[in-house]
Amino acid sequence: MKNINVLAPVKCSKSIRIQANPREVWMTLTDIAQWATWQTDISKVKLQGPLDVGTAFVWKTGGATIHSTLHTVQPHCAFGWTGKALGTFAIHNWTLTENGNETEVTVTESMEGWLVTLLRRMFQKNLEAGMAKWLRFLQAESEARAGRRTT
């Protein structure tokens, strides 16, 4: 996994426990084409190839278009990408850890670039809020998906 930049002006890490196994969470998280159906901040996303290291995808969130490239695809364990938008560069990582009947999901991200440096406080606040929201959406969708499979 590509490490986040610990010296970046903006960085965040958050975790959540999801009542679903890592396979269910993985299926939700890595179905990039479906992100906009459950993550309301995302309005458009297009994966440009198979789910594999080096594959690019373009997505729109919060009004910004982000050009991303997958750097880590370790099924049921780790998933990550880098992303570029105007004046910003981010490294984003997800780690899934099985814990009994649950999955602990940890997400970390670093952001840098001239725009991030200029508006550091705003980017930090938005990253922390956005990351918490994404985890809650991932939890809801993964738990719903797991429930649909058991009924």
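- Under the 4.5 Å side-chain criterion, counting only non-hydrogen atoms from C-beta, T95 is in contact with M1.
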* Starting from the C-alpha separation in whole Å, work towards a yes-or-no answer on side chain to side chain contact (heavy atoms under 4.5 Å, CB included) for V58 and K44. => CA-CA 8 Å; V58 179; K44 180 164 65 165; over 6 Å; no
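- Residues H92 and W81 place their aromatic rings such that the two centres sit under 6.0 Å apart.
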* After noting the C-alpha distance and the side-chain angles of W59 and T65, does the key distance pass the side-chain hydrogen bond (donor to acceptor under 3.5 Å, both in side chains) rule? -> CA-CA 6 Å; W59 52 305; T65 298; over 6 Å; no
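- E143 and Q19 share no donor-acceptor pair across their side chains, judged by distance under 3.5 Å alone.
- A distance-only check finds no donor-acceptor pair linking the side chain of T55 to the backbone of L51 [under 3.5 Å].
- How far CD of E109 is from CG of N93: 9.0 Å, rounded to the nearest 0.5 Å.
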* Asked: Could you walk me through whether R17 and N99 pass the side chain to side chain contact (heavy atoms under 4.5 Å, CB included) check?
  -> CA-CA 9 Å; R17 288 189 178 212; N99 188 352; 3.0 Å; yes
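- Separating the CZ atom in F123 from the OG1 atom in T117 is a distance of 9.5 Å, to the nearest 0.5 Å.
- Note: the hydrophobic cluster containing V10 does not contain V6 (ILVMFWY, side chain heavy atoms under 4.5 Å, direct or indirect links).
- In this structure, V45 and A33 approach most closely via the heavy-atom pair CG1-O, 3.9 Å.
- When the side chains of ILVMFWY residues are joined at heavy-atom separations under 4.5 Å, either directly or via intervening members, I4 and L96 end up in two distinct hydrophobic clusters.
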* **From CA spacing to verdict: side chain to side chain contact (heavy atoms under 4.5 Å, CB included), F79, T72** => CA-CA 5 Å; F79 187 57; T72 302; 5.9 Å; no
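- No more than 12 heavy atoms of other residues, nucleotides or ligands sit less than 6.0 Å from atom CG of N101.
- The NZ atom of K2 sits 10.0 Å away from atom OG1 of T69, with the distance rounded to the nearest 0.5 Å.
- Annotation for I66 and G83: closest pair CG2-CA, 4.0 Å, computed over non-hydrogen atoms.
- To the nearest 0.5 Å, atoms OG1 (T28) and CD1 (I18) are separated by 8.0 Å.
- For the pair L47 and F57, the tightest heavy-atom approach, listed with the atom from each and the gap, is CA-CB, 3.7 Å.
- Formation of a donor-acceptor pair under 3.5 Å by the S13 side chain with backbone atoms of T108 is not found in this model.
- Around the NZ atom of K60, the shell of radius 6.0 Å holds no more than 12 heavy atoms that belong to other residues, nucleotides or ligands.
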* **Evaluation steps, side chain to side chain contact (heavy atoms under 4.5 Å, CB included), between V105 and W26** => CA-CA 10 Å; V105 177; W26 176 263; over 6 Å; no
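- Across L127 and K11, no two heavy atoms sit closer than the pair CD2-C, 4.1 Å.
- For the atom pair CD (Q139) and CH2 (W134), the distance works out to 15.5 Å, reported to the nearest 0.5 Å.
- Taking OG1 of T106 as the start and CE of M131 as the end, the distance is 10.5 Å to the nearest 0.5 Å.
- M27 and V107 are members of different hydrophobic clusters when ILVMFWY side chains are connected at heavy-atom separations under 4.5 Å.
- Across all non-hydrogen atoms, the minimal contact from V116 to M111 is CG1-O, 3.6 Å.
- When atom types are taken as modelled, the side chain of W35 and the backbone of L29 share a donor-acceptor pair closer than 3.5 angstrom.
- Residues I91 and T82 approach most closely at CG1-CG2, 4.2 Å, considering heavy atoms.
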